[in-house]
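Only a predicted model underlies this, so the values are computations on that prediction, with no experimental measurement involved.
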Amino acid sequence: MAASKRKDSDSKTTEGKRIVYSEFGNVDNSAALQRGIAEVPPNQQNLKIEASRKGRGGKTVTVISGFQEKPETLATLAKQLKAQCGTGGTVKDNEIEIQGEHKQKLLEIITKLGYQAKISGG
């Protein structure tokens, strides 16, 4: 009985994943590598509201751009704006897209929330 026991605890991390090579250790730094976004107060943000049809098959979409907010804040703001307009929409690339042409209505709602906004485009 000269069989030696192999120590699996040396070659595995605490999660049970096997690491063959790690230059900087086995610490998960994914939170430290994410880019931070500074929250700017609404009264210091300059937003643009415009209606667009480009790349949407002729459908009009009102785009609000110029936000300097976290994605979670944009999602809650988009949900509120969609409810006020009674339409759908989405958040893409720090812009809120609301289906339909609602430039004037969105301008009123956003200025009541404390943002500085203006309508751009014709």
Side-chain angles (χ1 to χ4, degrees):
M1 293 236 174
S4 63
K5 291 186 178 180
R6 184 176 174 197
K7 292 184 179 181
D8 287 335
S9 62
D10 292 340
S11 63
K12 291 186 180 180
T13 62
T14 57
E15 295 91 18
K17 298 178 185 174
R18 186 172 181 176
I19 296 177
V20 177
Y21 175 77
S22 177
E23 185 173 344
F24 299 110
N26 58 0
V27 180
D28 183 25
N29 290 331
S30 61
L33 296 176
Q34 292 178 352
R35 185 177 291 178
I37 299 174
E39 285 280 331
V40 178
N43 60 358
Q44 295 179 0
Q45 295 186 31
N46 295 318
L47 305 179
K48 292 182 182 178
I49 302 172
E50 62 182 335
S52 174
R53 290 185 183 181
K54 293 183 181 177
R56 294 178 177 89
K59 309 255 176 164
T60 304
V61 174
T62 306
V63 180
I64 308 166
S65 61
F67 286 104
Q68 298 173 1
E69 302 272 349
K70 291 183 179 178
E72 300 85 24
T73 308
L74 280 180
T76 57
L77 180 61
K79 185 174 181 178
Q80 182 180 1
L81 294 175
K82 291 187 297 185
Q84 292 280 330
C85 293
T87 61
T90 186
V91 177
K92 291 183 182 176
D93 301 326
N94 280 348
E95 294 180 343
I96 296 178
E97 296 180 357
I98 304 292
Q99 295 174 356
E101 189 168 341
H102 301 281
K103 293 189 292 187
Q104 197 63 38
K105 189 173 191 177
L106 288 172
L107 179 65
E108 292 172 9
I109 295 168
I110 287 178
T111 53
K112 284 181 185 176
L113 293 173
Y115 291 93
Q116 293 180 359
K118 59 174 102 169
I119 296 176
S120 79

Rounded to the nearest 0.5 Å, what separation is found between the [atom1] atom of [X] and the [atom2] atom of [Y]?
{"X": "I98", "Y": "K103", "atom1": "CD1", "atom2": "NZ", "result": "15.0 Å"}
{"X": "K48", "Y": "S65", "atom1": "NZ", "atom2": "OG", "result": "6.5 Å"}
{"X": "L74", "Y": "N94", "atom1": "CG", "atom2": "CG", "result": "5.5 Å"}

Main chain of [Y], side chain of [X]: is a donor-acceptor contact present, judged purely on distance under 3.5 Å?
{"X": "E101", "Y": "A51", "answer": "no"}
{"X": "S52", "Y": "V61", "answer": "no"}
{"X": "K105", "Y": "Q84", "answer": "yes"}

Can you get from [X] to [Y] by hopping between Ile, Leu, Val, Met, Phe, Trp and Tyr side chains that sit under 4.5 Å apart?
{"X": "V91", "Y": "L113", "result": "yes"}
{"X": "L106", "Y": "L77", "result": "yes"}
{"X": "Y115", "Y": "I64", "result": "yes"}
{"X": "V63", "Y": "L47", "result": "no"}

Item to check | Member of I109, T111, I110 meeting the side-chain contact (heavy atoms from CB on, under 4.5 Å) criterion with L107 | outcome: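 Of all the options given, the one that passes is T111.
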[X] vs [Y] side-chain heavy atoms within contact, under 4.5 Å:
{"X": "Q99", "Y": "K59", "answer": "no"}
{"X": "H102", "Y": "T87", "answer": "yes"}
{"X": "I119", "Y": "Q104", "answer": "yes"}

Next on the checklist: With a 6.0 Å cut-off (strictly less than), is the heavy-atom count around CZ of R53, excluding the residue itself, greater than 12?
Outcome noted: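 At most 12 heavy atoms, drawn from other residues, nucleotides or ligands, come within 6.0 Å of this atom.
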Checklist entry - Is the number of heavy atoms from other residues, nucleotides or ligands within 6.0 Å of CG (N43) greater than 12? => result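 Correct, the count exceeds 12.
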